[in-house]
Amino acid sequence: MATTPPTNSTSGGTITLRLPYKYSHPSSHSSPPPQTIPLPPLDFLHRTWSVTHSTLSMWRSARNVRITYRPLTPTKDGRPRIDDLVEYESLSGSGGVKTVAGVDTGNWDLANIQEDTTSWDWRGSGWLFFVSSHWEVLGWGERKNEETGEVEERWAVTWFAPTIFTKEGVDVYSDRKEGGSRELVEEVLRVLGEVLKEGGEGTRSLKEMVERDIREVKISLPWKER
């Protein structure tokens, strides 16, 4: 895993990202364990996130893409569940707010990590009930004001597996409507590039895809409301 000097959270913190489990999962019992990062608290995830950068081609014709995660009742075996609502507008701003709804369930099995809050299985709601996918938090953090200690911005990097409609990809989130500060976003993207490079041949296709396809997602405030 790649890290960078403290820039993203409390004093002494680092920006730390890992590979998706499918690219780092051991192939044999003698292999090293999958890369891990500190597990984000669920209440860190439970908020509305602006998607500031993405490899997903459909967001090139959209603006103000945001994802809201809200807590749901856990499964019987205690795995967390999250209401997952994606909202976005057309690039021109015409029309209303479009949505994609689903439910995320914690996947503790991929890396055999109990209470893993970085690994999630998504199932569509409504007419998308037959669509499923998997996504992971590759890194997360917050930047605090050095003088007051108050949180100024939170960030996350996620990877999502392909569905019947979309290819695999990577998103960068910010909890600020206007998106993350340029300095922080640039540093996150730099560390992401280092992590993918360190993966060698095993992550070559993912590295090339991110380098080729990642784009800034247009933000035009204020957001439209449904």
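- In terms of heavy atoms, Thr73 sits closest to Arg81 at O-NH1, 2.9 Å.
- Residues Leu206 and Glu168 form a side-chain contact, since some pair of their non-hydrogen atoms from C-beta on lies under 4.5 Å apart.
- Cluster annotation: Trp120 is not connected to Val103 through the hydrophobic network of ILVMFWY side chains, with a link wherever side-chain heavy atoms come within less than 4.5 Å.
- The main-chain N or O of Gly180 is found under 3.5 Å from a side-chain atom of Ser174 such that the two form a donor-acceptor pair.
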Applying ring pair (Phe, Tyr, Trp, His ring centres under 6.0 Å) to Phe44 and Trp49, what does each step give before you reach the verdict? CA-CA 11 Å; Phe44 178 88; Trp49 298 92; 5.4 Å; yes

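- Applying the 6.0 Å contact sphere to CZ of Phe130 captures more than 12 heavy atoms from other residues, nucleotides or ligands.
- Using a cutoff of 4.0 Å between basic side-chain nitrogens and carboxylate oxygens, Glu89 and Arg63 are scored as salt-bridged.
- Counting heavy atoms from C-beta outward, Val195 and Leu19 have side chains that approach closer than 4.5 Å.
- A cation-pi contact, defined as under 6.0 Å to the ring centre and within 45° of the axis, links Arg66 to Trp223.
- Rounded to the nearest 0.5 angstrom, Thr14 OG1 and Glu187 CD are separated by 11.0 Å.
- Proximity of Ser125 to Asp84: side-chain heavy atoms (C-beta onward) are nowhere separated by under 4.5 Å.
- Taking all atoms of both residues into account, the shortest heavy-atom contact from Ser133 to Pro162 is OG-O, 4.1 Å.
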Would Val51 and Ile67 count as a side chain to side chain contact (heavy atoms under 4.5 Å, CB included) here? Give the steps. CA-CA 7 Å; Val51 179; Ile67 304 177; 3.9 Å; yes

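- Counting heavy-atom neighbours within 6.0 Å of Glu147 CD, excluding the residue itself, gives a total of 12 or less.
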What's the verdict on side chain to side chain contact (heavy atoms under 4.5 Å, CB included) for Glu153 and Asp175, showing C-alpha distance, side-chain angles and the deciding distance? CA-CA 6 Å; Glu153 58 181 317; Asp175 72 333; 4.0 Å; yes

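- Atom CZ of Arg47 sits in a crowded spot, with more than 12 heavy atoms from other residues, nucleotides or ligands closer than 6.0 Å.
- Listed here is the closest heavy atom pair of Val185 and His53: CG1-CE1, 3.2 Å.
- Take Thr99 and apply the side-chain hydrogen bond (donor to acceptor under 3.5 Å, both in side chains) test, not counting sequence neighbours, and it matches no residue.
- Among all heavy-atom pairs drawn from Thr118 and Arg18, the shortest one is OG1-NH2, 3.1 Å.
- Side-chain atoms of Arg226 and Lys98, non-hydrogen and from C-beta on, never get closer than 4.5 Å to each other.
- Counting heavy atoms from C-beta on, the side chains of Tyr21 and Asp116 come closer than 4.5 Å.
- Within the 4.5 Å cutoff, side-chain heavy atoms of Ile37 are placed close to those of Trp140.
- Listed for the Arg215 side chain is a donor-acceptor partner under 3.5 Å among the backbone atoms of Arg212.
- Taking all atoms of both residues into account, the shortest heavy-atom contact from Ala62 to Leu91 is O-CD1, 3.5 Å.
- Tested against Ser119, the residues Leu110, Asp109, Ile113 include a single side-chain contact (heavy atoms from CB on, under 4.5 Å) partner, Leu110.
- Side-chain heavy atoms closer than 4.5 Å link hydrophobic residues (I, L, V, M, F, W, Y) into clusters, and following such links, even through other members, never connects Ile219 to Tyr88.
- Leu42 has its side chain within reach of Thr117: a pair of non-hydrogen atoms, C-beta onward, lies under 4.5 Å apart.
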For a side chain to side chain contact (heavy atoms under 4.5 Å, CB included) check, start with the C-alpha distance between Val151 and Arg154, then their side-chain angles and the critical distance, and finish with the verdict. CA-CA 8 Å; Val151 176; Arg154 299 173 180 86; 3.8 Å; yes

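- In this structure, Val217 is a member of the same hydrophobic cluster as Tyr69, with clusters built from ILVMFWY side-chain heavy atoms closer than 4.5 Å.
- The line from CZ of Arg182 to OG1 of Thr52 is 10.0 Å long, rounded to the nearest 0.5 Å.
- Remark: Val131 engages Trp122, Leu128, Thr163, Ile164, Phe165 in a side chain to side chain contact (heavy atoms under 4.5 Å, CB included) (not counting sequence neighbours).
- Interatomic distance, CG of Asp121 versus CZ of Arg79, reported as 8.5 Å (0.5 Å rounding).
- A salt bridge is defined here as a Lys NZ or Arg NE, NH1 or NH2 lying under 4.0 Å from an Asp or Glu carboxylate O, and Lys144 with Glu150 fails to meet this definition.
- A donor-acceptor distance shorter than 3.5 angstrom exists from the side chain of Thr203 to the backbone of Leu196, with no hydrogens or angles considered.
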Starting from the C-alpha separation in whole Å, work towards a yes-or-no answer on side chain to side chain contact (heavy atoms under 4.5 Å, CB included) for Leu189 and Val172. CA-CA 8 Å; Leu189 291 175; Val172 178; 3.9 Å; yes

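- Distance check, rounded to the nearest 0.5 Å: OG1 of Thr166 to CE of Met58 gives 8.5 Å.
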In sequence, state the C-alpha distance, the side-chain angles, and the governing distance for Trp159 and Asp171, and then conclude on side-chain hydrogen bond (donor to acceptor under 3.5 Å, both in side chains). CA-CA 6 Å; Trp159 168 86; Asp171 285 339; over 6 Å; no

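- No side-chain donor-acceptor contact under 3.5 Å links Glu115 and Trp108.
- The CG atom of Leu85 sits 4.5 Å away from the CD atom of Glu87 when rounded to the nearest 0.5 Å.
- A cation-pi contact, defined as under 6.0 Å to the ring centre and within 45° of the axis, is absent between Arg176 and Tyr173.
- Within a 6.0 Å sphere centred on CZ of Arg204, heavy atoms belonging to other residues, nucleotides or ligands number 12 at most.
- For the residue pair Gly139 and Trp155, the shortest heavy atom distance occurs at C-CZ3, 3.5 Å.
- Rounding to the nearest 0.5 Å places CG of Leu192 at 9.5 Å from CD of Glu211.
- A salt bridge between Glu186 and Arg190 is absent, with no side-chain N of the basic residue lying under 4.0 Å from a carboxylate O of the acidic one.
- One finds no salt bridge joining Lys22 and Glu136 here, because no Lys/Arg side-chain nitrogen approaches an Asp/Glu carboxylate oxygen to under 4.0 Å.
- Side-chain contact between Asn64 and Lys224: absent, with no pair of heavy atoms (C-beta onward) separated by less than 4.5 Å.
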